[in-house]
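Below is one structure, written out as C-alpha cells, with a few remarks after it.
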Amino acid sequence: MKVALVTGASRGIGEATARRLAQSGAHVILTARRAEDLEAEVDRLNQQGHSASALQLDVTDEDSVQRAADQVAATYGRLDVLVNNAGVLPEATNADPAEVVDLQMFRTTYETNLLGAVAVLEAFLPLIRKSEAGRIVNVTTTMASLADQTNPESPYYGMVVPAYQSSKAALNNVTIALAKALVDTPVKVTSVCPGFVQTDLTPINRDNAPITADQAAEVVHRAATLPDDAPSGTFVDADGTVPW
Ligand code: NJP
C-alpha cells in the first residue's frame, strides 16, 4: 500500500486530496497545525474501509516538521507521495493595505507558502528517496505564472497580490530545481494549480469560485499518482500545461 502525506489537510483542497488518495487505495497521513482538526475525517475514512491517520504538522515550525518526518520514518520507513498543499493568502483579507508591498505580509506569506514547503521537502526527501516511485506535488497557482501575469489577454493579468504570487512563483522554481536534482531517481515533482476553488483561502470570494474542493482534488491526485513514464518538473492544471 502506498503511503501518502498531505499538508494542510484539515479542510479545503488538502482534505479533499487526502480523501481522494485514500479512495484510490493509499494509506493517507492527514496533517495540520492541530491534530484534533483531523480526527473527524480520519475516523470517517477508516469507517468507510479506507486507511488514514493523522499527524500534527505546522509547516512553519521546524521541530514539528521533523517530528512528523521521524514518525513517518519509524512507522513506514518511506514516503511514496508528498502533497505540499498548506498555504495562506493573507492579502485576500487585507481590506485596506497601506501599500502594495508590505514586508510583514511578505514574511507571513513566505513563512508558510515557501519556507514551510521547503522545510517539509527537506525533512521528507530522504523518505521519498526510499520509495520505488516517489511523487511530490507542490500546490501553487496560475496566479503565480509570470507568463500570465504579464499577458494582458490573461484573466490573471489584473490580479495583484505580490506576496502570494511571488511565494508561489518561488515554489514553482523549487519544483523545477528539485526535478533536475532528482532526474536520476524515480521521483517526479509537479506544480499544480487546482483552479479557483470554494474554500476558506479567500473567504470573501468563496461564493464566486466555480469548483468544489473535491473537484479540485482530481488534478492534484493525478499529479500525485503520475505513471512511471510521465515527465517530471511540469506545471499543470485541470486542462494541461500552465506556462511558468
Ligand atoms: O485553503 P484553506 P485551500 N502548517 O484555507 C493549512 C492553493 N490554491 O484549500 O492548520 C500547516 O481552505 C490549514 O490548516 P490549519 C493554496 O494556495 C487554492 O484553498 O488547520 N498547515 C488548511 O488545512 C494552498 O496552497 C486556490 O489552519 C497550515 C490549509 O492549509 C492550497 O491550494 C487556488 C499552515 C488551507 O486550507 C490549499 O488551499 C489556487 C501551517 N502553518 C491555489 N497554515 C483556491 N482555493 O481557489 C495553513 O490556485 N495551513
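Ligands are counted one by one from 1 in listed order, and the atoms in each one are counted from 1 as well. What you see below is based on every heavy atom in this structure, not just the backbone, and it leaves out hydrogens, waters and symmetry mates.
Residue Lys168 places a heavy atom less than 4.0 Å from ligand 1. At least one heavy atom of Asp58 sits less than 4.0 Å from an atom of ligand 1. Using 4.0 Å as the threshold, Asn84 has no heavy atom nearer than that to any atom of ligand 1. In this structure, Arg34 is part of the shell of residues with a heavy atom less than 4.0 angstrom from ligand 1.
Closest heavy-atom approach to atom 24 (C) of ligand 1 among the candidates Asp61, Asn85, Thr17: Asn85. Nearest-residue assignment for atom 35 (C) of ligand 1 (options Ala117, Ala92, Ser64, Gly87; heavy-atom criterion): Gly87.
No donor-acceptor contact under 3.5 angstrom links the side chains of Ser10 and Asp37, judged on distance only. Asp148 and Ser154 share a donor-acceptor pair across their side chains, judged by distance under 3.5 Å alone.
Under 4.0 Å from ligand 1, not a single heavy atom of Asn113 appears. The backbone of Ala9, and not its side chain, has at least one atom closer than 4.0 Å to an atom of ligand 1 (non-hydrogen atoms only; backbone = N, CA, C, O). Using a 4.0 Å cut-off between heavy atoms, Glu15 makes no contact with ligand 1 at all. Contacts between Leu57 and ligand 1 below 4.0 angstrom, taking non-hydrogen atoms only, involve the backbone exclusively.
Remark: ligand 1 atoms within the under-4.0 Å shell around heavy atoms of Gly12 are 9 (O), 12 (O). Under a 4.0 Å criterion applied to the non-hydrogen atoms of Val139, ligand 1 contributes the atoms 7 (C), 25 (O), 31 (C), 32 (O). Against a heavy-atom cut-off of under 4.0 Å, Thr60 is close to the following atoms of ligand 1: 41 (N).
For Pro194, no nitrogen or oxygen atom sits less than 3.5 Å from a nitrogen or oxygen atom of ligand 1, counting backbone and side chain alike. The distance criterion of under 3.5 Å between nitrogen or oxygen atoms is not met by Cys193 with respect to ligand 1. In terms of N/O distances under 3.5 Å, ligand 1 is not approached by Phe196. Looking at Thr199 next to ligand 1, an N or O pair under 3.5 Å apart turns up.
For the pair Thr112 (side chain) and Gly87 (backbone), a donor-acceptor distance under 3.5 Å is absent. For Ser145 (side chain) and Pro243 (main-chain N/O), a donor-acceptor pair under 3.5 Å exists by modelled atom type. Panel note: side chain Asp80, backbone Arg135; no donor-acceptor pair is recorded below 3.5 Å. Of the possible donor and acceptor atoms, one in the side chain of Thr185 sits under 3.5 Å from a partner among the backbone N and O of Val187.
For atom 9 (O) of ligand 1, the nearest non-hydrogen atom of the protein is Ile13 N, 2.8 Å. Distance from atom 46 (O) of ligand 1 to its nearest protein heavy atom, with residue and atom name: Val197 N, 2.8 Å. What sits closest to atom 14 (O) of ligand 1 on the protein, heavy atoms only, is Ser10 OG, 3.0 Å. The closest protein non-hydrogen atom to atom 28 (C) of ligand 1 is Ala86 CB, 3.6 Å. Atom 48 (O) of ligand 1 has Thr141 OG1, 2.8 Å as its closest protein atom, hydrogens excluded (heavy atom only). Of the protein's non-hydrogen atoms, the one nearest atom 5 (O) of ligand 1 is Arg11 NH1, 2.9 Å. The nearest heavy-atom contact from the protein to atom 42 (C) of ligand 1 is Thr140 O, 3.1 Å. In terms of protein heavy-atom proximity, atom 26 (C) of ligand 1 is closest to Gly195 O, 3.7 Å.
The neighbour count for Glu36 CD, taken as heavy atoms of other residues, nucleotides or ligands under 6.0 Å away, is above 12.
With contacts defined as side-chain heavy-atom distances shorter than 4.5 Å, the pair Val6/Leu30 does not qualify. Trp244 is listed as a side-chain neighbour of Asn172, based on a closest heavy-atom distance under 4.5 Å.
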- request: Tell me, with the steps shown, if Val81 and Thr225 meet side chain to side chain contact (heavy atoms under 4.5 Å, CB included).
  value: CA-CA 8 Å; Val81 175; Thr225 54; 5.5 Å; no

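One hydrophobic cluster, built from ILVMFWY side chains closer than 4.5 Å, cannot hold both Leu79 and Val28; they sit in different ones.
Residues Arg222 and Asp237 are not paired through a salt bridge, judged by the lack of any N-O separation under 4.0 Å between the basic side chain and the carboxylate. Under a 4.0 Å N-O distance rule, the pair Arg206/Asp200 qualifies as a salt bridge. At a threshold of 4.0 Å, the pair Arg19-Glu15 counts as salt-bridged, since one of the basic side-chain nitrogens sits closer than that to a carboxylate oxygen.
For Gln56 against Arg67, the heavy-atom pair with the smallest separation is OE1-NH2, 4.0 Å.
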